[in-house]
Amino acid sequence: MSIVRRSSVFDPFADLWADPFEAFRSIVHAMSDSDTTAFANARMDWKETPEAHVFKADLPGVKKEEVKVEVEDGNVLVISGERTKEKEDKNEKWHRVERSSGKFVRRFRLPENTKVEEMKAGLENGVLTVTVPKAEVKKPEVKAIEISG
């Protein structure tokens with residue numbers, strides 16, 4: 001919102017009083033109206049236990065058929081999917097729409113000590129859990145050297 005009145009007289013300082021964030025606000029507003037903004041980045045937790053790396057994502061209302069769990073390039077975990085928009089009936093009047101819909105994708109580079117071939121994923125009560133077992137870290141061999149003398 002600009003507080004400067006525009007006139008036919010050239011004023012070289014007129015833009016100094018304009019809102020520098022006006023263009024940015026219109027972009028953000030346009031983005032917030034899209035279906036994918038709120039759900040674009042599904043919230044994820046990643047914890048490491050002694051046995052595995054465990055990823056959890058809150059995906060309420062998403063069916064397991066709408067989620068993909070993949071490994072790219074041998075060590076990049078990719079979790080993607082889409083929550084479909086609820087169909088609107090012409091006889092219904094919506095008062096508020098806050099639940100988001102749209103596509104989401106998250107990528108995580110896995111550490112070298114993972115066994116991606118033994119990964120498991122499950123979706124229960126709207127929470128996706130991906131478990132990536134850790135490979136056993138080989139302890140370096142210690143060879144004792146006898147000291148002469």
Side-chain angles (χ1 to χ4, degrees), residues 1-6 13-146:
M1 172 191 220
S2 178
I3 57 173
V4 176
R5 292 183 186 212
R6 301 287 179 190
F13 302 105
D15 288 336
L16 291 176
W17 300 108
D19 182 359
F21 300 107
E22 184 174 0
F24 177 72
R25 285 190 182 101
S26 63
I27 291 170
V28 170
H29 179 69
M31 285 175 34
S32 65
D33 291 340
S34 81
D35 291 340
T36 59
T37 52
F39 202 59
N41 291 319
R43 302 284 185 191
M44 300 275 310
D45 292 338
W46 175 3
K47 72 176 177 180
E48 182 176 354
T49 68
E51 300 81 29
H53 293 272
V54 181
F55 297 83
K56 290 191 176 196
D58 288 337
L59 303 176
V62 178
K63 300 175 188 144
K64 70 178 187 175
E65 297 82 23
E66 298 171 325
V67 179
K68 282 199 281 186
V69 177
E70 302 170 311
V71 176
E72 293 178 345
D73 300 327
N75 69 338
V76 178
L77 173 64
V78 181
I79 299 171
S80 62
E82 182 172 7
R83 179 171 25 200
T84 55
K85 193 173 189 176
E86 192 170 327
K87 294 181 181 177
E88 296 181 23
D89 186 348
K90 293 180 181 182
N91 296 328
E92 297 174 339
K93 179 180 178 183
W94 289 82
H95 293 279
R96 182 174 295 281
V97 178
E98 292 182 349
R99 296 184 310 140
S100 58
S101 61
K103 294 182 181 184
F104 63 92
V105 63
R106 296 296 306 267
R107 287 181 168 81
F108 299 92
R109 184 170 309 280
L110 297 170
E112 291 182 23
N113 68 340
T114 55
K115 298 181 185 178
V116 294
E117 63 280 351
E118 296 179 20
M119 268 177 48
K120 293 183 179 173
L123 183 64
E124 187 174 333
N125 296 328
V127 178
L128 174 70
T129 303
V130 178
T131 305
V132 186
K134 290 168 56 174
E136 290 183 32
V137 178
K138 291 185 180 179
K139 294 181 181 177
E141 274 188 39
V142 177
K143 181 179 178 185
I145 307 296
E146 188 177 319

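FYI, the numbering just counts along the sequence from 1.
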Checklist entry - For E72, does the CD atom sit with more than 12 other heavy atoms under 6.0 Å from it, leaving out its own atoms? => result yes

Checklist entry - Closest heavy-atom contact between A52 and P133? => result CB-CA, 3.8 Å

Item to check | Check: R83 side chain, P60 main-chain N or O, donor-acceptor pair, under 3.5 Å | outcome: yes

Checklist outcome for this item: dist E66:CD -> F104:CZ (nearest 0.5 Å) comes out at 8.5 Å

Item to check | Full working for side chain to side chain contact (heavy atoms under 4.5 Å, CB included) between M119 and L77 | outcome: CA-CA 10 Å; M119 268 177 48; L77 173 64; 3.6 Å; yes

Item to check | Non-hydrogen side-chain atoms of L128 and F55 separated by less than 4.5 Å | outcome: no

Item to check | Test side chain to side chain contact (heavy atoms under 4.5 Å, CB included) applied to V127 and D58, step by step | outcome: CA-CA 5 Å; V127 178; D58 288 337; 3.8 Å; yes

Checklist entry - Could you state the interatomic distance from CD (E51) to NZ (K134), rounded to the nearest 0.5 Å? => result 8.0 Å

Item to check | NZ (K56) with more than 12 external heavy atoms under 6.0 Å | outcome: no

Item to check | K103 side-chain N/O to S80 backbone N/O, donor-acceptor pair under 3.5 Å | outcome: no

Checklist entry - Do H53 and E48 touch side chain to side chain, with heavy atoms closer than 4.5 Å? => result yes

Item to check | Aromatic ring pairing W46/F108, orientation class (parallel under 30°, perpendicular over 60°, tilted between) | outcome: perpendicular

Checklist outcome for this item: So CZ of R107 and CD of E70: to nearest 0.5 Å the spacing works out to 9.0 Å

Next on the checklist: Is it true that, when you exclude E92 itself, more than 12 heavy atoms of the residues, nucleotides or ligands shown sit nearer than 6.0 Å to its CD?
Outcome noted: yes

Item to check | Donor-acceptor contact present, side-chain T114 to main-chain V116, <3.5 Å | outcome: no

Item to check | Within 6.0 Å of CD in E117, more than 12 heavy atoms from elsewhere | outcome: yes

